Amino acid sequence: MGNLSIAPLNGVGAEVTGVDLARELDDGVFAEIQNAFANYGVIFFRDQSLNETDHIAFAKRWGTVNVNRFFAAHEKFPEIALVAKEPEQTDNIGGGWHTDHSYDAEPAMGSILVARVLPDSGGDTLFASMYSAYEALDDRMKDKLEGLRAVHSAKRIFGEGLDTYYTKTDAGGGRIGNTAAAEALQDVSHPVVLTHPLSERKALYVNPAFTIAIEGMDKAESDELLSDLYAHCMNPAFTHRFQWRPGSIAFWDNRATWHWAKNDYHGQRRVMHRITIEGCALH
Ligand code: SIN
């Protein structure tokens with residue numbers, strides 16, 4: 001491999017070629033990849049051959065690994081969360097627009113997802129650019145959002161007592177509703193429009209899975225504003241559909257994108273290894 005190349009994709013993201021992620025990256029190459037990550041929101045790699053140790057080493061180059069408190073972990077490598085769906089399961093993980101960890105006071109920077117077992121067809125992941133979503137708002141809406149904050153919580157998705165697969169599934173594929181997780185179900189508040197810590201660009205930071213209200217608004221007003229923003233963010237012009245192949249890797253930035261794992265491969269198995277990297281408080 002050689003000659004690093006970064007090709008922007010329609011909608012969101014860029015494909016990075018000419019790099020072997022199983023090898024240690026020199027500082028110049030790393031800086032170019034980091035710049036692409038910060039500015040495109042999600043970067044994709046093809047034809048990689050990373051074992052678990054390589055995956056962890058690459059992740060640690062970016063920061064501290066977040067050991068997921070809701071997902072089943074790889075049996076040998078706790079840093080690796082399993083994003084799996086077995087043939088008999090009907091629900092999947094991440095099957096709706098969301099951004100990971102917005103329920104944390106310091107939301108995770110992003111995740112590096114490596115394909116391990118893929119269905120014969122289906123199982124794509126959609127990504128949406130929250131930079132583009134913000135930039136396409138009209139000035140009246142940008143002014144309205146200025147200074148607003150939103151409350152985020154994991155309760156709706158991971159909370160105890162929910163009749164969802166998140167609390168029912170354990171090893172073999174899903175998220176687990178354990179005591180440690182229950183202790184971590186606090187509400188947090190973040191700006192509705194953030195300034196990205198790496199690119200310094202503005203991005204919308206609300207998402208349908210974890211944002212529960214706009215601070216300081218009554219429920220009806222908050223629900224209406226959130227639903228208008230979500231409809232705006234789902235514009236296909238801001239999205240890219242990533243089709244996985246053996247050797248594919250997606251590395252997304254939670255502060256600049258949403259994603260959605262399509263659940264259209266019932267009866268087949270899909271196993272992905274996810275490593276999440278810690279982030280920072282958002283402003
Ligand atoms: C996720 O982390 O939300 C899952 C993404 C995927 O499986 O494609």
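The figures that follow rest on heavy atoms only: side chains count, while hydrogens, waters and symmetry mates do not. Because the structure is a prediction, the values reported are computed rather than measured. Indexing begins at 1, ligand by ligand and atom by atom, following the structure's order. Positions are given from 1, in the same order as the sequence printed here.
Using a 4.0 angstrom heavy-atom cutoff, His98 counts as in contact with ligand 1.
Counting heavy atoms under 4.0 Å from ligand 1, residue Phe127 does not touch it at all. Residue contacts with ligand 1 for Leu113 involve side-chain atoms from C-beta outward but no N, CA, C or O (heavy atoms, distance under 4.0 Å).
Within ligand 1, the atoms closer than 4.0 Å to a non-hydrogen atom of Arg270 are 6 (C), 7 (O), 8 (O), numbered from 1 in the order shown. Of all atoms in ligand 1, listed by their number and element, those nearer than 4.0 Å to a heavy atom of Gly94 are 3 (O). Close contacts of ligand 1 with Arg274, meaning ligand atoms under 4.0 Å from a residue heavy atom, involve 1 (C), 2 (O). Close approach of ligand 1 to Val83 is summarised as follows: ligand atoms under 4.0 Å from at least one heavy atom of the residue are 4 (C), 7 (O). Heavy-atom contacts of Ala261 reach the following atoms of ligand 1: 5 (C), 6 (C), 7 (O), 8 (O) (cutoff under 4.0 Å). Remark: ligand 1 atoms within the under-4.0 Å shell around heavy atoms of His259 are 1 (C), 2 (O), 3 (O). Taking every non-hydrogen atom of Thr125 and a distance limit under 4.0 Å, the qualifying atoms of ligand 1 come out as 6 (C), 8 (O).
Environment of CG in Asn10: sparse, with no more than 12 heavy atoms of neighbouring residues, nucleotides or ligands closer than 6.0 Å. Heavy atoms of other residues, nucleotides or ligands lying less than 6.0 angstrom from CD of Glu215 number more than 12.
Checked by atom type and distance alone, the side chain of His98 never pairs as donor or acceptor with a backbone atom of Asp100 at under 3.5 Å. Between the side chain of Asn92 and the main chain of Ala261, a donor-acceptor pair closer than 3.5 Å is present.
Below 30°, between 30° and 60°, or above 60°: for Phe44 and Phe242 the angle between ring planes is below 30°, a parallel geometry. Ring planes of His55 and His273: parallel class, angle under 30° (limits at 30 and 60°). A tilted orientation is assigned to the rings of Trp252 and Phe127, their planes being inclined by 30° to 60°.
Screening Met272, Gln48, Arg46 for a side chain to side chain contact (heavy atoms under 4.5 Å, CB included) with Ile249, the sole residue that qualifies is Gln48.
The shortest N or O to N or O distance between Trp252 and ligand 1 is not below 3.5 Å. Where the criterion is an N or O separation shorter than 3.5 Å, residue side chain and backbone included, Trp244 fails it with respect to ligand 1.
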